[in-house]
Protein chains: 2
Amino acid sequence: MRTAEAICTKRGARLTDIRRRVLTSVWSSHAPIGAYDILAGLNADSGKIAPMAVYRALDFLMEHGLVHRLASLNAFIGCALADERHTAHFLICRACKSATEMDGAAVTRAVKKTLTAHGFIPEIEIIEIQGLCAHCSDQDVRRP
Amino acid sequence: MRTAEAICTKRGARLTDIRRRVLTSVWSSHAPIGAYDILAGLNADSGKIAPMAVYRALDFLMEHGLVHRLASLNAFIGCALADERHTAHFLICRACKSATEMDGAAVTRAVKKTLTAHGFIPEIEIIEIQGLCAHCSDQDVRRP
DNA sequence: GGAGTTAATGTTATAACGTAACATACGTGG
DNA sequence: CCACGTATGTTACGTTATAACATTAACTCC
Ligand SMILES: [Zn+2]
Ligand SMILES: [Zn+2]
Ligand SMILES: [Zn+2]
Ligand SMILES: [Zn+2]
């Protein structure tokens, strides 16, 4: 959170009230959280924020790498490595709903290699592996 | 298309009329196509098919590997390698909207390696690389 | 400080994507 | 024919996301 402020001031970006509240909401959820759940959280206390406001805040936060979007879940999650430029790769546990950002260097290298074979110029890498995390696979968790 | 029939009969699955029409619709689009666009296509000629019918057909086709879903686009695309068991990795061009299924063996290997470090048991791999295809990157296509 | 400018938010409405629940039809084998 | 499992029809709703335009807040330059 302090990190977020630091990043924003460093870049001359404004971490306004609503953006801060959305970011807090994202971090306060242990699992990835949907935009409308964020919205509900914000409106629980006070008033009547519209979906647009949340989506705009999320766009801002994503631009600055403070939040990632999980395409396969339509959900958002905070990024702990926000000041480094990096592509996010996620391990998503279907049992405990956790989403862990993994070190994607090796994978990115493999992807790059395959891409050059195709002459493809990458801009956005969406890599989301769903399965069972180490903790849950020790439990009695069967396939759905 | 003949392949699809072959696969289905081999497995005792019924490639019914609506499923066949959805599959045809998917293949007749050069780019990934949304469920509601499929629906519109089907209803253009004749009648009044409901969204449910399309989604059910798509579920069937995905179960049998005839179609893949692109999570980042909320869209569907036909699979040319339907009878082999494989995880699909896609290269999605933002200019021409093409989505090419790439050989994911090397990438899968890299992913597996990283996963074991985390003790994570994978079940579904979603890998979608967005960027510019070889053809479009030769053109005058700038960043959006 | 006030006019001009840009950035951010408010507001309303609607588009786009997806599913629950229950009724009906259809095929297949006894 | 009849019972069973599978597929489809139908209605209604839930969820996710954006368009378009009005308003307010901040910043800048003189
Ligand atoms: Zn990150
Ligand atoms: Zn878990
Ligand atoms: Zn495929
Ligand atoms: Zn292209």
Side-chain angles (χ1 to χ4, degrees), chain A residues 4-5 8-9 11-26 29 31-43 46-64 66-77 97 126 128 144, chain B residues 4-5 8-9 11-26 29 31-64 66-77 97 126 128 144:
Chain A
E5 297 193 16
C8 287
T9 48
R11 301 187 195 172
R14 292 165 51 197
L15 188 58
T16 59
D17 178 60
I18 193 165
R19 289 167 179 172
R20 185 189 314 268
R21 288 168 70 195
V22 168
L23 183 55
T24 304
S25 181
V26 167
S29 167
I33 184 174
Y36 276 76
D37 291 333
I38 295 171
L39 181 63
L42 298 193
N43 281 340
S46 49
K48 39 174 193 343
I49 294 175
M52 269 310 306
V54 173
Y55 280 104
R56 284 196 281 229
L58 286 170
D59 285 345
F60 171 89
L61 295 170
M62 283 191 291
E63 260 175 40
H64 292 281
L66 297 167
V67 160
H68 296 292
R69 176 177 147 79
L70 295 169
S72 64
L73 302 179
N74 295 328
F76 303 84
I77 191 169
K97 312 301 181 194
I126 295 167
E128 300 174 15
Chain B
E5 297 192 16
C8 287
T9 47
R11 301 187 196 171
R14 293 166 53 197
L15 187 59
T16 60
D17 177 60
I18 194 166
R19 289 168 179 173
R20 185 188 315 266
R21 287 167 70 196
V22 168
L23 183 56
T24 304
S25 181
V26 167
S29 167
I33 184 173
Y36 276 74
D37 291 334
I38 295 171
L39 181 63
L42 298 192
N43 282 341
D45 323 319
S46 49
K48 39 173 192 345
I49 293 175
M52 268 311 305
V54 173
Y55 280 104
R56 284 197 280 230
L58 287 170
D59 285 345
F60 171 89
L61 295 170
M62 283 191 291
E63 261 175 40
H64 291 280
L66 297 167
V67 159
H68 296 292
R69 176 176 148 78
L70 296 169
S72 64
L73 302 180
N74 294 329
F76 302 85
I77 191 169
K97 312 301 180 192
I126 294 167
E128 300 174 15

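In what follows, every chain begins at residue 1, and chains take the letters A, B, ... in the order their sequences are listed. The shown structure was predicted, so the numbers you read here are calculated from the model rather than taken from an experiment.
If you take CG of B/Leu61 and P of D/dA7, they are 12 Å apart, rounded to a whole angstrom. Taking atom OH of B/Tyr55 as the reference point, atom P of D/dT15 lies 15 Å away to the nearest angstrom. Per the geometry, CG belonging to B/Leu58 stands 14 Å off C1' belonging to C/dT19, to the nearest Å. Atoms CG (B/Leu39) and C1' (C/dG18) sit 12 Å apart, rounded to a whole Å. As rounded to whole Å, 10 Å separates atom P of C/dA20 from atom CG of B/Asp59. Atom pair B/Leu15:CG and D/dA7:C1' shows a separation of 13 Å (rounding to whole Å applied). If you measure from atom CD of A/Glu63 to atom C1' of C/dA7, you get 12 Å, rounded to the nearest angstrom. Going from atom CD1 of B/Ile33 over to atom C1' of C/dC17 covers 14 Å, rounded to whole Å.
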For nucleotides 23-28 of chain C, give me every protein contact, N/O to N/O, under 3.5 Å, one pair per line with atom names.
none

Table of protein N/O atoms under 3.5 Å from nucleotides 10-16 of chain C N/O atoms:
unit_1	atom_1	unit_2	atom_2	d
C/dG10	N7	A/Arg56	NH2	2.6
C/dG10	O6	A/Arg56	NH1	3.2
C/dG10	O6	A/Arg56	NH2	3.4

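Distance from the side chain of B/Ala35 is smallest to C/dG18 among C/dG18, D/dT16, C/dT9.
Phosphate contact (OP1/OP2 of C/dC17, side-chain N/O of A/Asn74, threshold under 4.0 Å): absent.
For B/Ser25, there are no side-chain hydrogen bond (donor to acceptor under 3.5 Å, both in side chains) partners two or more places apart in sequence or in a different chain. Every residue two or more places apart in sequence or in another chain that forms a side-chain hydrogen bond (donor to acceptor under 3.5 Å, both in side chains) with A/His64 is listed here: A/Arg11. With sequence neighbours excluded, the residues forming a side-chain hydrogen bond (donor to acceptor under 3.5 Å, both in side chains) with A/Asn74 are A/Arg69, listed by chain and number.
In terms of heavy-atom proximity, B/Ala35 sits nearest to B/Leu58 at CB-CD1, 4.1 Å. Taking all atoms of both residues into account, the shortest heavy-atom contact from A/Ile49 to A/Val54 is CG2-CG2, 4.4 Å.
Remark: side-chain polar atoms of B/Glu128 are paired, donor with acceptor, to backbone N or O of B/Ala71 under 3.5 angstrom.
When side chains are defined from C-beta on, B/Ile77 does not count as touching B/Ser29, because their heavy atoms never get closer than 4.5 Å. Side chains of B/Tyr36 and B/Tyr55 form a contact here, defined as non-hydrogen atoms less than 4.5 Å apart.
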Side-chain donor-acceptor pairs under 3.5 Å in residues 15-23 of chain A, sequence neighbours left out?
unit_1	atom_1	unit_2	atom_2	d
A/Arg19	NH1	A/Arg14	O	2.7
A/Arg20	NH1	A/Glu5	OE2	2.6
A/Arg20	NH2	A/Leu15	O	3.2
A/Arg21	NH2	A/Ser46	OG	3.3

